[in-house]
Peer 1: 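This is the structure I want to talk about, given as structure tokens.
Note that ligands are numbered from 1 as they come in the structure, with each ligand's atoms numbered from 1 the same way.
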Amino acid sequence: MTKSALQIARAAYQPKLPKALKGAVKVQEGEATQSVADQEAIQKLFPNTYGMPLIKFVEGETKEYPAINVGVILSGGQAPGGHNVISGLFDGIKSLNKDSRLYGFILGPGGLVDHNYMELTADIVDEYRNTGGFDIIGSGRTKLEKEEQFEKGLEIIKELNIKALVIIGGDDSNTNACVLAEYYAAKQCGVQVIGCPKTIDGDLKNEMIETSFGFDTACKVYSEVIGNIQRDCNSARKYWHFIKLMGRSASHIALECALQTQPNICIVSEEVEAKNMSLDDVVTYIAQAVANRAAQGNNYGTVLIPEGLVEFIPAMKKLIAELNDLLATNKEFAMIKKSAQRDWIISKLSEENAAIYASLPEGVARQLCLDRDPHGNVQVSLIETEKLLSEMVGKKLAQWKEEGKFVGKFSAQHHFFGYEGRCAAPSNYDADYCYALGYTASMLIANGKTGYMSSVRNTTAPAEEWIAGGVPITMMMNMERRHGEMKPVIQKALVKLDGAPFKAFAAQRDQWAIETAYVYPGPIQYFGPTEVCDQPTKTLALEQAK
Ligand code: FBP
């Protein structure tokens, strides 16, 4: 395989480890824990893994560990640093006993159920150190939730003499990891399950998990290209760029990119919901900013839009909920001719929702009816919100022009940044953080823990001072309605409107809207001065500054 010069140089990078993990470790137990809400219900569902203490690793005395076999799964969307979690895990179990072995299940949780695996030897792991992507074993979105899946998994676990499984995933995958840990503990199978916090979306975080890995690198990649677009925009001075950013429901990515690049406008879905804004309110807000800049002769600008926006506009949320039910119960929809689908839907919807649906541009109306994901959700990454908004802003401005309220020109360009950031070579932050998460997972396994998520904290300090340990996954859970039933799930972290990152943004946005205050972050740097190469995200820096 031909490698780029950067890939070759980067392979030699040795990720930094917290001081406590550099030699032998011992466990320091903290307080017993409780779930964030619904304690009684969660305790009842997780009698074997509820209430366990927080764990911190501190320097210990060298002792002998038996060789262990460990399985690893990459679950869900790709996030930069997954390969480093695996290399940290590999080095960790080898440091305990050189005869330990690591097995990777292929293409996500489905690999465990289908017994599709490969041994990850030193030669293979070395090829992937500090690289982006999940291609070492691939990833998938199969949900591990049924007893027969757990039993099928157990067959291969026993055959390979696997002592512990590490599941690298987002909130849903870690919820499933916890259910699996409880199941194997209840059956006394002797199989431990450890989770690792992954997702570019940044929505798996709490008091003990500072950030999910991949958020840092993905935001830096998007901010680089947003910066480039802003420079282009400020050079030609003739376009408004509507830029949609991945992130599923939460707006963490859009907010972080706004803090890095200072665009003219950034919409935050959580605020739109809190203020009960309609689609027209959002459109008017953008159109007003366009008109204000035009009044100063500036017919150009940038707008950042989180991909989950439509689901946070209360009226759109109601429409989507009715569409979900309608499409789930009317399988014949797929058979209807494309040209007749829109009218068919309008005829079936409630009057209120039919009116909203009818007002949507053709493309977006169609996108709202595309197949749902395995969890029954609209695939927000497929909805062209950036086009929807620019089209509606254009219409409003045309109307204002007639009324003499808009004097400028409006011409839009559209972009969607998502997939291009998910497999970038991990930044130094993610390379170190992920390696430490993997290494920590190996120590949790060696110390007999199950139902824990690997946790590395204090990450705005130098890596030496990072705190490695484990958090019981049950601690992060609450009960939520899913598919009509109450289920235990890890609470999703949305943007907090009273949090430091949003407040910092809100304090500056009016100025950014009217002025051209763009910042151009440039590409991620892997070698060079620490202030250029090792900065954490602004989100994390602001949150930790508290
Ligand atoms: P995870 O939550 O699994 O980490 O996925 C993140 C994400 O990139 C979202 O931002 C996006 O909406 C989704 O995956 C896209 O999914 P897919 O890769 O299946 O198209």
Peer 1: Do Leu323 and Leu349 have side-chain heavy atoms sitting under 4.5 Å apart?
Peer 2: yes

Peer 1: Should the proximity of Thr199 to ligand 1, defined as any heavy atom under 4.0 Å, be assigned to the side chain, the backbone, both, or neither?
Peer 2: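 Within the 4.0 Å criterion, Thr199 contacts ligand 1 through backbone and side-chain atoms alike.
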
Peer 1: Quick one: does Leu279's side chain get under 4.5 Å of Leu389's, heavy atoms only?
Peer 2: yes

Peer 1: What part of Arg141 sits under 4.0 Å from ligand 1 if we count only heavy atoms: the side chain, the backbone, both or neither?
Peer 2: side chain

Peer 1: If the contact criterion is a heavy-atom separation under 4.0 Å, does Ala79 count as touching ligand 1?
Peer 2: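 It does not, in that no heavy atom of Ala79 comes within the 4.0 Å cut-off of ligand 1.
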
Peer 1: Against ligand 1, does Lys198 come closer than 4.0 Å with any heavy atom?
Peer 2: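 Flag set, Lys198 near ligand 1.
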
Peer 1: If only side-chain N and O atoms count, and only distance matters, is there a donor-acceptor pair under 3.5 Å linking Ser251 with Ser269?
Peer 2: yes

Peer 1: Find all atoms of ligand 1 within a distance of less than 4.0 Å from any non-hydrogen atom belonging to Gly247, and give their numbers and elements.
Peer 2: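 Taking each heavy atom of Gly247 in turn, ligand 1 has 10 (O) under 4.0 Å.
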
Peer 1: Could you tell me, atom by atom, which parts of ligand 1 come under 4.0 Å of a heavy atom of Gly76?
Peer 2: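 Matching atoms, with element in brackets: 3 (O).
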
Peer 1: Can you tell if the side chain of Met476 reaches within under 4.5 Å of the side chain of Asn174, non-hydrogen atoms only?
Peer 2: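 Met476 vs Asn174: side chains apart.
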
Peer 1: Please list the nearest protein heavy atom to atom 10 (O) of ligand 1 with its residue and the distance rounded to 0.1 Å.
Peer 2: Asp201 OD1, 2.7 Å

Peer 1: Identify the protein heavy atom lying closest to atom 8 (O) of ligand 1, giving its residue, its atom name and the separation to 0.1 Å.
Peer 2: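 The closest one turns out to be Arg422 NH1, 2.8 Å.
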
Peer 1: Heavy-atom contacts with Glu307 under 4.0 Å: which atoms of ligand 1 show up? List them by number with element.
Peer 2: 9 (C), 10 (O), 11 (C), 12 (O)

Peer 1: Check if Gly77 has a non-hydrogen atom at a distance under 4.0 Å from any atom of ligand 1.
Peer 2: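 Contact check Gly77 vs ligand 1: positive.
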
Peer 1: Using a strict threshold of under 4.0 Å (side-chain N to carboxylate O), is an ion pair present between Asp430 and Lys220?
Peer 2: no

Peer 1: Should the heavy atoms of other residues, nucleotides or ligands under 6.0 Å from NZ of Lys205 be counted, would the total exceed 12?
Peer 2: yes

Peer 1: Count the heavy atoms belonging to other residues, nucleotides or ligands that lie under 6.0 Å from CD of Gln7, then report whether that count exceeds 12.
Peer 2: yes

Peer 1: At a 4.0 Å threshold, what atoms of ligand 1 neighbour a non-hydrogen atom of Tyr419?
Peer 2: 15 (C), 17 (P), 18 (O), 20 (O)

Peer 1: Check the surroundings of atom NZ in Lys487: do more than 12 heavy atoms from other residues, nucleotides or ligands lie under 6.0 Å from it?
Peer 2: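 Atom NZ in Lys487 is not crowded, with 12 or fewer foreign heavy atoms closer than 6.0 Å.
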
